[in-house]
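The chains referred to below are lettered A, B, ... by the order of the sequence lines, with proteins before strands, and numbering in each begins at 1. This structure is a prediction, so every number in the text was calculated from the model and none was measured.
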2 protein chains.
Amino acid sequence: MRPAVSDVENPLADCENTQALDRAEASCRARGASLTAIRREVLDLLYRSPTGVKAYDLLARIKEARPGASPPTVYRALDFLIDQGLAHKIGRMNLFVACRHASHQIPSLFLVCPKCSGVTELQEQSVMSALSTSLAAAGHRLESPEVEISAICPKCVGAG
Amino acid sequence: MRPAVSDVENPLADCENTQALDRAEASCRARGASLTAIRREVLDLLYRSPTGVKAYDLLARIKEARPGASPPTVYRALDFLIDQGLAHKIGRMNLFVACRHASHQIPSLFLVCPKCSGVTELQEQSVMSALSTSLAAAGHRLESPEVEISAICPKCVGAG
DNA sequence: GAATGCAATGTTATAACATTGCATTTGTAC
DNA sequence: GTACAAATGCAATGTTATAACATTGCATTC
């Protein structure tokens with residue numbers, strides 16, 4: 001199966017993550033919220049798992065540094081990050097992913113690969129405007145900026 | 001909250017359901033599969049719950065007639081119905097719905113209301129073609145004919 | 001500097017959702 | 001009627017998520 005968390009040491013990526021974490025911290029503060037140590041650690045783990053990670057895998061990783069961590073520890077952090085627009089939940093797969101897009105003016109598509117469980121975030125104006133129009137016509141209103149779609153990823157398409 | 005299962009007696013609907021069940025049985029047989037009693041009962045319960053129903057609510061209903069029923073009883077039936085294209089699972093809500101469209105040549109949108117958990121199935125050519133184009137451009141291939149979207153339903157939009 | 005308020009976290013337990021594995025029965029082809 | 005596959009019964013377990021309550025740490029007020 002897929003690794004729970006990116007397993008390659010990569011100092012360059014670490015550096016990018018630190019910057020992203022600092023930006024996230026600033027944007028939380030700007031909203032009067034605080035990216036505490038736990039939340040920052042969870043977000044860091046999400047950044048290191050670009051194709052999504054499960055809550056209990058996160059818990060296992062968090063426990064390495066914080067042996068007392070329990071399910072609520074990670075679920076609270078995840079709820080916070082989702083509230084802050086820093087992460088998304090992929091309902092179909094019970095998978096959590098960091099949001100790579102600074103702000104969600106445009107709703108995102110999440111392509112979930114049913115073969116490898118990988119998640120790709122995509123922003124497509126054309127799809128979203130067609131969607132908005134159809135929803136409005138049906139009397140519905142798009143609520144969440146997250147639309148999940150099962151789609152086989154390029155790697156798995158190739159693998160057959 | 002919403003009722004687990006449609007609670008109004010309605011002989012007319014019963015009749016429609018019987019016809020739909022018979023059609024479903026025929027289409028299974030045509031594919032070399034068999035819509036057994038349990039599966040038929042589960043599908044019947046799905047038909048009576050147009051906005052979706054949870055697996056353990058189904059289990060409770062099934063147990064009324066079959067006291068020995070257990071989680072695998074309903075999950076196996078649901079898996080079968082999904083394989084046969086007679087039902088869908090809404091991952092975000094752990095909700096199951098009957099499919100109202102005879103065949104899924106066209107993928108369906110499932111509008112899941114985050115307020116009342118109701119599910120509406122919608123077929124929109126324009127959205128789906130925009131989606132197919134974008135996915136193809138990104139190297140992905142739509143796998144499941146089911147696309148779930150969180151959207152507030154007309155009733156809840158009105159309720160504010 | 002004690003008391004208060006409050007957000008975050010710790011801790012335990014349990015609810016809710018889903019699957020595995022294996023024994024038994026049923027249906028059906030030969 | 002034997003043999004085989006499909007379906008079901010059943011118990012246990014695995015997985016995901018939340019409830020309920022206690023504690024900590026820090027800022028503010030008195």
Produce the list of close N/O pairs, under 3.5 Å, pairing protein atoms with atoms of nucleotides 22-29 of chain C; give distances to one decimal.
none

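- Of all the residues in residues 24-38 of chain B, not one reaches under 4.0 Å from DNA chain C with any non-hydrogen atom.
- Within the structure, the salt bridge (Lys or Arg N to Asp or Glu O under 4.0 Å) test picks out no pair touching residues 70-89 of chain A (sequence neighbours left out).
- Between B:A130 and A:V127, the shortest heavy-atom contact is O-CG2, 3.5 Å.
- One atom, CZ of B:F80, and another, P of D:dA7, lie 7 Å apart when rounded to the nearest Å.
- Here A:S27 pairs with A:R31 under the side chain to side chain donor-acceptor pair (under 3.5 Å) rule; sequence neighbours left out.
- Rounded to a whole Å, the CG atom of B:L59 is 11 Å from the P atom of C:dC17.
- For A:S134, the side chain to side chain donor-acceptor pair (under 3.5 Å) partners are B:E124, not counting sequence neighbours.
- Here the P atom of nucleotide C:dA18 and the CG atom of B:D79 are 10 Å apart, to the nearest Å.
- Taking atom CG of B:D83 as the reference point, atom C1' of D:dA6 lies 14 Å away to the nearest angstrom.
- In this entry the distance linking CD1 of B:I90 with C1' of C:dC17 reads 16 Å, nearest Å.
- Not counting sequence neighbours, the partners of A:E41 by the side chain to side chain contact (heavy atoms under 4.5 Å, CB included) test are A:A37, A:I62, A:R66.
- With rounding to whole Å, B:K63 atom NZ is found 11 Å from D:dC10 atom C1'.
- Under the rule for a side chain to side chain donor-acceptor pair (under 3.5 Å), the partners of B:D44 that lie at least two apart in sequence or sit in another chain are B:R48.
- The shortest side-chain heavy-atom distance between A:L35 and A:L81 falls under the 4.5 Å cut-off.
- Here C:dA18 presents its P atom at 12 Å from CG of B:D57, a figure rounded to the nearest Å.
- At least one donor-acceptor pair under 3.5 Å links the side chain of A:R39 to the backbone N or O of A:S34.
- Applying the side chain to side chain contact (heavy atoms under 4.5 Å, CB included) rule to B:T133 yields no partners; only residues at least two apart in sequence or on another chain are considered.
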Would you tabulate the nitrogen or oxygen pairs shorter than 3.5 Å linking the protein to nucleotides 12-16 of chain D?
residue, atom, partner, partner atom, Å
D:dT16, OP1, A:K54, NZ, 2.9

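- The interatomic distance linking A:L95 (CG) with C:dC17 (P) rounds to 19 Å, in whole Å.
- Checked against side chain to side chain contact (heavy atoms under 4.5 Å, CB included), B:Q19 has the following partners two or more places apart in sequence or in another chain: B:C15, B:R23.
- In terms of the side chain to side chain contact (heavy atoms under 4.5 Å, CB included) criterion, A:A136 has no residue partners (sequence neighbours excluded).
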